[in-house]
Protein chains: 2
Amino acid sequence: MPSVLTIAGSDSSGGAGIQADLKTYAALAVYGMSAITALTAQNTMGVTGVHEVPAEFVAAQIDAVFADIVPDAVKTGMLANAAIVQAVAGKARQHAFQKLVVDTVMVSKSGIRLLSDDGVGAMRELLLPLAEVVTPNLPEAEILLERKIESREDIRDAARAIQAMGARHVVIKGGHQKGDTAVDVLFDGREFREYSAPRIETASTHGTGCTFASAIAAFLARGESVPAAVGHAKDYVTEALRRAYPIGHGHGPVHHFWRWWGEGP
Amino acid sequence: MPSVLTIAGSDSSGGAGIQADLKTYAALAVYGMSAITALTAQNTMGVTGVHEVPAEFVAAQIDAVFADIVPDAVKTGMLANAAIVQAVAGKARQHAFQKLVVDTVMVSKSGIRLLSDDGVGAMRELLLPLAEVVTPNLPEAEILLERKIESREDIRDAARAIQAMGARHVVIKGGHQKGDTAVDVLFDGREFREYSAPRIETASTHGTGCTFASAIAAFLARGESVPAAVGHAKDYVTEALRRAYPIGHGHGPVHHFWRWWGEGP
């Protein structure tokens, strides 16, 4: 019975954060659990408030899970601040997290900071060395590396540099690039793999990053290799974007349940 | 596109609370959203910690949802304290909640209080009068009424008394009764309906109440009448109990996705 624990923030409108993660696990037939790091008051138009959870209580949630159900994979999303990153890294070592997927959530689509500056430093130093897979988009890779990334060769250099921070695999997501295809680049310290999909023209992009990282964790929990999990996650998210139906007045969520609900519920 | 907002606590182990609610909405093909009232550090054996969310932030989450996506039904679960009950009741009036299902969560399976004494009073006075459906089990009905409920006639009297508090429909759940069948009693102020199902012998009962109330909300959001929604919710939960597979060392969760995953993932 594969299971995944997500350690992330909550999105009241259900499209991103632990809600996107739990929906992804449901869609991919793995048992989902969650340790919540922060609550956001949020909808498809933006974030109107953040309540950060005390780091000790994030740790208590992780302990409660591991005392009973050892997940086959763990995914992290919004971690808010350095104290929470430190707590999560400490628990990752203590409980010997298997298959840790670190989604480097830093800024919301609407521009709200979801990780403090010292949180970025703590993520780089404490959490990335424990990651099986880390999934920055281009803006996040630029923040991690403190430099601009523009050309195809810049992306490969960035993947090398982030992998050298200690993550075993790096996926640099191409969703923020221009062009007709979205190309994700996976680097494992030795070779590069590229995953291409047609760019989907849609306003329903809320939660795309959370969903992709969670899908990788779900396929890893089911026993797949990292290259296979990344490919299957990319296929799942591409279809979830393509089949999305409008919800809300801003960037609506992807359609997590396209396999089950079809074009609508 | 039917949608439901749950206003409830979070269960880190994924079996109860907003996790059970979101899984139920996914299984029943309605779009799920959540305003979180409290975090619990919890597993299938018990609750090891509770972090109550400030009432104003519960209100902020509800406001963010209603500013963008008006849900077709709202369900409440763990509300923790009187301030949160007051905030939720205020927002229910302000936003004119449609089809409010109040699950009268008071005590965890392991005996931890999930609603303070003054919270019970606030629920009785402020929230029940706004409810389309309220779903106490026998111990909760006893706390609401401050009297013992033992006979079949006691149950009907209790349903009358709780309905008189202002809820348009009351379902008193029979899961805590002895016997081969579990009988739920629905009262709408005029007539009684009984819903029977064989009692399922299983340790996997974690989140049963959350799942039942959420399933009622989901079927209401899809346009069903209250009697039909209660019947379909009962069928769904009975099957989720019957098909549950073991997770954890205590009372494991029901199997929310039996329609899709079959006997296992």
Side-chain angles (χ1 to χ4, degrees), chain A residues 1-3 5 10-15 18-19 22-23 25-36 39-49 51 53-54 56-69 222 245-250 252-253 256-257 259-261 264-265, chain B residues 1-3 5 10-15 18-19 22-23 25-36 39-49 51 53-54 56-69 222 245-250 252-253 256-257 259-261 264-265:
Chain A
M1 173 62 203
S3 62
L5 169 66
S10 161
D11 167 9
S12 52
S13 68
I18 64 129
Q19 287 79 7
L22 292 169
K23 290 176 183 186
Y25 305 144
L28 299 177
V30 304
Y31 183 73
M33 301 178 283
S34 46
I36 296 180
L39 306 186
T40 68
Q42 182 173 174
N43 57 36
T44 69
M45 297 178 289
V47 175
T48 54
H51 170 76
V53 175
E56 314 81 65
F57 200 81
V58 175
Q61 294 173 79
I62 297 169
D63 284 341
V65 169
F66 274 85
D68 188 28
I69 305 164
R222 298 178 61 121
Y245 43 83
I247 292 183
H249 298 83
H256 288 98
F257 300 112
R259 274 184 223 264
W260 291 334
W261 300 2
Chain B
M1 173 62 204
S3 61
L5 170 65
S10 161
D11 167 9
S12 52
S13 68
I18 64 127
Q19 287 78 8
L22 292 169
K23 290 176 183 188
Y25 305 144
L28 300 177
V30 304
Y31 183 73
M33 300 177 283
S34 46
I36 297 180
L39 305 185
T40 67
Q42 180 172 175
N43 58 35
T44 69
M45 297 177 290
V47 176
T48 55
H51 170 76
V53 175
E56 315 81 65
F57 200 80
V58 175
Q61 294 172 79
I62 297 169
D63 284 341
V65 169
F66 274 85
D68 188 28
I69 305 165
R222 296 176 63 120
Y245 43 82
I247 292 184
H249 298 84
H256 288 98
F257 300 112
R259 273 184 223 265
W260 290 330
W261 299 3

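Order of the sequence lines sets the chain letters (A, B, ...), proteins ahead of strands, with each chain counted from 1.
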Check your understanding: Which answer fits B:Tyr25, side chain, backbone, both or neither, if we ask what part of it has an atom under 4.5 Å from a heavy atom of chain A?
Key -> backbone
Review point. Of the backbone (N, CA, C, O) and the side chain (C-beta and beyond), which part of B:Ile62 lies under 4.5 Å from a heavy atom of chain A, both, or neither?
Key: neither
Study note, to complete from the structure: Note: vs chain B, highest number of non-hydrogen pairs under 4.5 angstrom among A:Gly32, A:Ser13, A:Ser3, A:Pro54 is A:Ser13
Review point. Would a 4.5 Å heavy-atom cut-off, applied to side chains only, mark B:Ile36 and B:Phe57 as touching?
Key: no
Review point. Relative to chain B, which of A:Ala41, A:Ala60, A:Ala67 shows the most heavy atom pairs under 4.5 Å?
Key: A:Ala41
Exercise for review: Name the region of B:Pro253, side chain, backbone, both or neither, that has any atom closer than 4.5 Å to a heavy atom of chain A.
Suggested key: side chain
Study note, to complete from the structure: Residues A:Ala26 and B:Phe257: closest non-hydrogen pair is CB-CZ, 3.3 Å
Practice item. Could you tell me whether the side chain of B:Leu39 reaches within less than 4.5 Å of the side chain of A:Val53, counting heavy atoms only? Key: yes
Study note, to complete from the structure: Comparing A:Leu5, A:Asp63, A:Thr40 against chain B, the one with the most heavy-atom pairs below 4.5 Å turns out to be A:Thr40
Practice item. Check whether any side-chain heavy atom of B:His256 sits under 4.5 Å from a side-chain heavy atom of A:Tyr31, and report yes or no. Key: no
Point to revise | Residue list, salt bridge (charged side-chain N to carboxylate O under 4.0 Å, His left out) with B:Asp68, at least two apart or on another chain | key: none
Point to revise | A:Gln42 vs A:Thr48, side chain to side chain donor-acceptor pair (under 3.5 Å): CA-CA, chis, key distance, verdict | key: CA-CA 6 Å; A:Gln42 182 173 174; A:Thr48 54; over 6 Å; no
Check your understanding: Which region of B:Ser34, side chain (C-beta onward) or backbone (N, CA, C, O), has a non-hydrogen atom less than 4.5 Å from a non-hydrogen atom of chain A, or is it both or neither?
Key -> both
Review point. By a 4.5 Å heavy-atom criterion (distance strictly below it), what part of A:Thr44 contacts chain B: side chain, backbone, both, or neither?
Key: both
**Study point:** Among B:Leu22, B:Asp11, B:Ile247, B:Ile18, residue most engaged with chain A (heavy-atom pairs, under 4.5 Å)
**Key:** B:Ile247
**Study point:** Heavy-atom side-chain proximity of B:Asn43 to A:Val65 below 4.5 angstrom
**Key:** no
